[in-house]
Amino acid sequence: DLILIANTNFDDAYSKITIRPIPRDKEIISGFFVLSRSEAKEPHRWRKIHRFAAKSDLIRNIKLTDYTVEQGKEYIYSLQQYNNYGVFSNRLVSNPIYADFEDTYLLDGERQLKIRFNPKISSLKDNILETKTNTIGSRYPFITRNGRVNHKEFSISGLISYQMDDSRSFMSWKELGIDQNITNLTAENINAERVFKLEVLNWLNDGKPKILKSPAEGNYIVRLMNVSLSPNDTVGRMLHNFSCNATEIAPFDYD
């Protein structure tokens, strides 16, 4: 006796799925559950995205989010209860939602970095191995090509400031040593910005695959290389711009 409600978070590019009880005075839930997702164009192809267990938990405390949405696609979510014998309940289906966002994001499954200020993705290209061989006896050259190698490469850059992490999905106030946004050139603000940008630099250089989400370019699984920071002299080097090269390393699919 539940209702599944899905909503799109435009500012942080994720889907939020909430559970409402029927009747409303029923607030406790127990059991094993699986959350699945389907695209509106393939309504009967359900993909499991999250399993969780509840043991006399409050329904309002169960928060389900999906950060792997792609801009411009319509999704439907479902919830099922199951037991140790592999018996599943009927699907509790949510309302369809349209995924939409305007910023560029990087996420690794644990944290998400919003590139809100001065985002720039340049030199988007397909890496294809081709060789041109000029011949002596022929007017035209021969072109040889590797039929398997084909992946995208592009450059990413943007301005780093904890102001872009307004939802605190990357670092908390406590980690920054402040309790609110500060825009002045004060000692505590300079310290907070330094802590944030160094953590961003370490995170970009950790060598883990990341998902790049962009409304203009699409979603890709990438590996970041050649990460560097350059100071912004206008604000006394309190803020830095970052730049890096992103290489596609896997197809962005369910697996």
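Values reported hereafter were calculated over all heavy atoms of this structure, with side chains retained and with hydrogens, waters and symmetry mates removed.
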Would a hydrophobic clustering, with Ile, Leu, Val, Met, Phe, Trp and Tyr connected at side-chain separations under 4.5 Å, put Val69 with Leu35?
yes
Please find the pair of heavy atoms, one from Trp203 and one from Leu106, that lie closest to each other, and give the distance.
CH2-O, 3.4 Å
For Leu224 and Ala246, the nearest pair of non-hydrogen atoms, with its separation, is CD2-CB, 3.8 Å
Nearest heavy-atom contact between Ala53 and Asp57 is O-OD2, 4.1 Å
Can you tell if the side chain of Val222 reaches within under 4.5 Å of the side chain of Thr247, non-hydrogen atoms only?
no
Criterion side-chain contact (heavy atoms from CB on, under 4.5 Å) on Ile59 and Ile28, from CA distance to verdict:
CA-CA 6 Å; Ile59 294 179; Ile28 304 298; over 6 Å; no
If the plane angle is over 60° it's perpendicular, under 30° parallel, otherwise tilted; pick one for Tyr105 and Phe101.
perpendicular
Do Lys73 and Tyr98 have side chains that get closer than 4.5 Å, going by heavy atoms?
no
Does some side-chain heavy atom of Ser155 sit less than 4.5 Å from a side-chain heavy atom of Ile121?
no
Would you say Asp66 and Ile49 make side-chain contact, with heavy atoms under 4.5 Å?
yes
For Glu193 and Ser161, which I'm curious about, is there any donor-acceptor pair between the side chains at under 3.5 Å?
yes
Taking side chain as C-beta onward, heavy atoms only, is Phe10 less than 4.5 Å from Glu102?
yes
Tell me, with the steps shown, if Glu188 and Ile182 meet side-chain contact (heavy atoms from CB on, under 4.5 Å).
CA-CA 9 Å; Glu188 58 180 346; Ile182 307 171; 3.5 Å; yes
Which pair of non-hydrogen atoms, one from Arg168 and one from Trp173, has the smallest distance, and what is that distance?
NH1-CH2, 3.2 Å
Side chain to side chain, Asn226 and Cys244, heavy atoms closer than 4.5 Å
no
What's the verdict on side-chain contact (heavy atoms from CB on, under 4.5 Å) for Ile17 and Leu4, showing C-alpha distance, side-chain angles and the deciding distance?
CA-CA 7 Å; Ile17 301 94; Leu4 202 63; 3.5 Å; yes
Assess whether side-chain contact (heavy atoms from CB on, under 4.5 Å) is satisfied between Phe196 and Arg194, documenting all intermediate values.
CA-CA 5 Å; Phe196 184 80; Arg194 183 181 68 251; over 6 Å; no
Any donor and acceptor pair, going by atom type alone, linking the side chain of Asn202 with main-chain N or O of Leu198 inside 3.5 Å?
yes
Which pair of heavy atoms, one from Asn189 and one from Thr183, lies closest together, and at what distance?
ND2-C, 3.8 Å
Is the side chain of Asn95 donor-acceptor paired with the backbone N or O of Ile5 at a distance under 3.5 Å, no angle test?
no
Any donor-acceptor N/O pair, Arg51 side chain to Val34 backbone, under 3.5 Å:
no
Donor-acceptor side-chain pairing of Thr186 and Asn184 below 3.5 angstrom
no
Can a salt bridge be assigned to the pair Glu70 and Lys213 using a cut-off of 4.0 Å between side-chain N and carboxylate O?
no
Regarding Asn9 and Tyr67, do their side chains bring together a donor and an acceptor under 3.5 Å, going by distance alone?
no
Honestly curious: do Leu204 and Val195 fall in one hydrophobic cluster under the side-chain, below-4.5 Å linking rule?
yes
Judged by atom type as modelled, is there a donor-acceptor pair below 3.5 Å linking the side chain of Asp100 to the main-chain atoms of Thr8?
no
Does this structure show an ion pair linking Asp108 with Lys210, if we count only N-O contacts that are shorter than 4.0 Å?
no
Just to verify, what does Lys114 make a salt bridge (charged side-chain N to carboxylate O under 4.0 Å, His left out) with, not counting sequence neighbours?
Asp12, Asp166
Exceeds 12 heavy-atom contacts within 6.0 angstrom, atom CZ of Arg45:
no
Under a 3.5 Å distance rule, please check whether Glu175 uses its side chain to pair with a backbone N or O of Ser172 as donor and acceptor.
yes
Please work out which of the three classes, parallel, tilted or perpendicular, describes the rings of Phe33 and Phe52, given edges at 30° and 60°.
parallel
Does Ile211 belong to the same Ile/Leu/Val/Met/Phe/Trp/Tyr cluster as Tyr14, with side-chain heavy atoms less than 4.5 Å apart forming each link?
yes
Among the clusters formed by ILVMFWY side chains lying less than 4.5 Å apart, do Ile221 and Ile156 turn up in the same one?
no
Just checking, is any N or O donor in the side chain of Glu153 or Asn245 under 3.5 Å from an acceptor N or O on the other one?
no
Side chain of Ser89, backbone of Gln81: donor and acceptor closer than 3.5 Å?
yes
Path from Ile128 to Tyr220 over hydrophobic side-chain contacts below 4.5 Å:
no
For the residue pair Thr68 and Arg37, confirm or rule out a side-chain donor-acceptor distance under 3.5 Å.
yes
Which pair of heavy atoms, one from Glu248 and one from His151, lies closest together, and at what distance?
O-CB, 3.7 Å
Could you check whether Tyr77 and Ser15, counting side-chain N and O atoms only, form a donor-acceptor pair closer than 3.5 Å?
yes
Side-chain (Asp233) to main-chain (Gly236) donor-acceptor, under 3.5 angstrom
no
